[in-house]
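Computed from heavy atoms alone, side chains included, the values below leave out hydrogens, waters and symmetry copies. Here the structure is a predicted model, which is why all the values come from computation and not from measurement.
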Amino acid sequence: MELRHLTAFTAVAEELHFGRAARRLQMAQPPLSQQIRQLEKELGVQLFERNTRSVRLTGAGESFLEPVRAVLEDLDTAVRAAKAAGRGEYGRVTVGFAGASSHETLPRLTRAVRAAHPALELVMKGQTYANVALSRVADGSLDLGFVRLPVTQPGVAHRVIDEEELLCALPSDHHLAGLDSVPIAVLADEPFVSFPANAGSSVRDAMVQVCESAGFNPRVVQEAPDSYTILALVAAGVGVTLTVSSVRHIQQSGLVYRPLAGPPVRRQAALAWRTDNPSPALRAVLAVAEHALPTPRHPDRDARLRDPVVRTRTPGARPRHQD
């Protein structure tokens with residue numbers, strides 16, 4: 001039984017006229033009549049009573065009509081679903097992110113994707129540090145990752161979506177809390193709270209690089225898996241930390257943020273994905289992200305921010321890279 005036979009039967013059953021059915025199907029009437037005869041022969045029943053003046057469904061034809069309509073509707077749904085999936089309107093995209101630093105960017109992306117492609121599923125993988133997210137994008141276990149520059153893995157593309165500044169977080173009663181800005185060097189003897197070593201946190205890497213550039217290694221007395229816990233420990237007086245400006249929404253009693261003295265230390269946040277990922281759903285998400293998370297427009301950004309951690313040049317000052 002062929003699909004064209006079912007389509008022909010439905011047209012004749014709805015028109016109850018072979019001529020009108022043939023015009024509807026954009027075909028000649030003799031081939032249409034032949035298809036109906038072939039279908040009746042295959043089924044072993046007569047579907048229509050026909051004479052020179054009228055066409056009527058038989059009892060078998062009436063019983064056959066609704067199931068055939070359901071088959072054709074299901075097929076149409078399947079075809080539309082396949083085409084929609086090919087355009088990225090259906091499918092699944094796995095996204096790796098770290099919670100606090102994605103507080104603003106992640107909801108903007110997910111809301112925009114839901115509005116544009118409500119049937120597309122985003123599978124969110126939280127507690128994925130930037131370096132880990134980049135590695136998982138590179139090995140194919142994530143489709144999309146919130147990362148920080150640099151992105152050097154072969155086959156991985158990226159687009160900058162934010163520019164962050166490194167800040168010092170202090171207990172509000174700390175003797176440095178009254179300063180307008182905190183020189184890195186004065187933190188040499190302070191206890192630090194930070195992400196676990198070797199866990200893939202780019203924020204910890206940046207903290208260590210900046211401290212080493214000032215001539216000391218930060219003395220980390222306690223580690224925690226996320227910014228919320230780290231900053232709670234800072235508020236409790238356990239130590240200080242260096243963090244990124246994207247977590248300043250975390251406000252609690254006993255905690256203050258201060259900029260670092262001197263030219264700001266900036267970081268670039270980005271979305272990363274494999275260039276050979278064939279997923280239409282991923283392409284759809286990337287297209288939405290172009291509008292939901294546009295690249296910041298800074299004319300001198302590329303010149304200033306080639307490295308993972310860089311101090312912005314101030315007028316008349318010599319550039320001081322911190323790698």
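In this structure the side chain of Val240 never reaches within 4.5 angstrom of the side chain of Pro191, judged on heavy atoms. You'll find the side chain of Met27 reaches within 4.5 Å of the side chain of Gln35, heavy atoms only. With a 4.5 Å cut-off on side-chain heavy atoms, Val45 and Thr58 do not count as touching. Counting heavy atoms from C-beta outward, Leu170 and Arg258 have side chains that approach closer than 4.5 Å. For the pair His158/Leu271, no side-chain contact is recorded, criterion being any heavy-atom separation below 4.5 Å from C-beta on.
Here the shortest heavy-atom pairing between Leu144 and Val285 reads CD2-CG1, 3.9 Å. Arg267 approaches Leu149 most closely through the heavy-atom pair NH1-O, 3.9 Å. In this structure, Gly19 and Gln29 approach most closely via the heavy-atom pair CA-OE1, 3.5 Å. Contact between Phe146 and Thr105 at its shortest, heavy atoms only, is CE2-OG1, 3.5 Å. Closest of all the heavy-atom pairs between Ser245 and Leu167 is CA-CD1, 3.8 Å. The minimum heavy-atom distance linking Ala13 with Leu65 is given by the pair CB-CD1, 3.8 Å.
Here the side chain of His117 pairs no donor or acceptor atom with the backbone of Ala119 at under 3.5 angstrom. Although no hydrogens or angles enter the test, the distance criterion places no donor-acceptor pair under 3.5 Å between the side chain of Asp162 and the main chain of Ala269. In this structure, Thr275 contributes its side chain and Gly155 its backbone to a donor-acceptor pair below 3.5 Å. Panel note: side chain Arg266, backbone Glu165; no donor-acceptor pair is recorded below 3.5 Å. With hydrogens and angles disregarded, no donor-acceptor distance shorter than 3.5 Å links the side chain of Glu66 to the backbone of Ser63. Counting only distance, with no hydrogens or angles, the side chain of Ser202 and the backbone of Asn131 share no donor-acceptor pair below 3.5 Å. A distance-only check finds no donor-acceptor pair linking the side chain of Ser181 to the backbone of Pro259 [under 3.5 Å]. Ser172 contributes no side-chain N or O that, together with a main-chain N or O of Val256, makes up a donor-acceptor pair within less than 3.5 Å. Without hydrogens or angle criteria, Thr7 side chain to His5 main chain gives no donor-acceptor distance under 3.5 Å.
Every pair passing salt bridge (charged side-chain N to carboxylate O under 4.0 Å, His left out) that includes a residue from residues 111-139 is listed here, sequence neighbours excluded: Arg92-Glu121. Sorted by first and then second residue, the salt bridge (charged side-chain N to carboxylate O under 4.0 Å, His left out) pairs involving residues 281-295 (not counting sequence neighbours) are Arg159-Glu290. Among residues at least two apart or in separate chains, side chain to side chain donor-acceptor pair (under 3.5 Å) pairs with a member in residues 182-198 are His174-Glu190. Within the structure, the salt bridge (charged side-chain N to carboxylate O under 4.0 Å, His left out) test picks out the following pairs touching residues 14-35 (sequence neighbours left out): Glu14-Arg24, Glu14-Arg69, Glu15-Arg20, Glu15-Arg24. Legend: ring pair (Phe, Tyr, Trp, His ring centres under 6.0 Å) pairs involving residues 18-72, not counting sequence neighbours, sorted by first then second residue: Phe9-Phe48, Phe9-Phe64. Counting only residues at least two apart or on different chains, the ring pair (Phe, Tyr, Trp, His ring centres under 6.0 Å) pairs with a member in residues 182-204 are Tyr129-Phe195. Each salt bridge (charged side-chain N to carboxylate O under 4.0 Å, His left out) pair with one or both residues in residues 28-43, not counting sequence neighbours, appears once here: Glu40-Arg50.
In this structure Tyr257 satisfies the ring-ring contact (aromatic ring centres under 6.0 Å, His included) test with no other residue, sequence neighbours excluded. Applying the side-chain hydrogen bond (donor to acceptor under 3.5 Å, both in side chains) criterion to Arg4, with sequence neighbours excluded, gives Glu2. Considering only residues two or more places apart in sequence or on other chains, Arg56 meets the salt bridge (charged side-chain N to carboxylate O under 4.0 Å, His left out) condition with Glu49. With sequence neighbours excluded, no residue forms a side-chain hydrogen bond (donor to acceptor under 3.5 Å, both in side chains) with Ser279. In this structure Asp276 satisfies the side-chain hydrogen bond (donor to acceptor under 3.5 Å, both in side chains) test together with Arg274, sequence neighbours excluded.
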Where do Val208 and Arg204 land on the side chain to side chain contact (heavy atoms under 4.5 Å, CB included) test, with the steps shown first? CA-CA 6 Å; Val208 171; Arg204 174 154 178 157; 4.3 Å; yes
Side chain to side chain contact (heavy atoms under 4.5 Å, CB included) between Leu187 and Leu176, worked out: CA-CA 9 Å; Leu187 300 175; Leu176 298 174; 3.7 Å; yes
Can Leu16 and Val12 be said to form a side chain to side chain contact (heavy atoms under 4.5 Å, CB included), step by step? CA-CA 5 Å; Leu16 292 178; Val12 175; 5.9 Å; no
Tell me, with the steps shown, if Cys211 and Leu242 meet side chain to side chain contact (heavy atoms under 4.5 Å, CB included). CA-CA 10 Å; Cys211 291; Leu242 298 187; 4.3 Å; yes
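Atom CG in Leu122 sits 7.0 Å away from atom OG1 in Thr110 (nearest 0.5 Å). Remark: Gln209 CD to Leu166 CG distance equals 10.0 Å, nearest 0.5 Å. To the nearest 0.5 angstrom, Ile250 atom CD1 is 7.0 Å from Thr243 atom OG1. For the atom pair OG of Ser201 and CZ of Arg148, the computed distance is 7.5 Å after rounding to the nearest 0.5 Å. Annotation: the span from Arg108 atom CZ to Glu104 atom CD amounts to 7.0 Å, rounded to 0.5 Å.
No continuous path of ILVMFWY side-chain contacts below 4.5 Å connects Leu134 to Val123, so the two sit in separate hydrophobic clusters.
Within 6.0 Å of atom CG in Asp180, 12 or fewer heavy atoms from other residues, nucleotides or ligands are found, so the atom counts as exposed in its surroundings. Atom NE2 of His291 has 12 or fewer heavy atoms from other residues, nucleotides or ligands within 6.0 Å.
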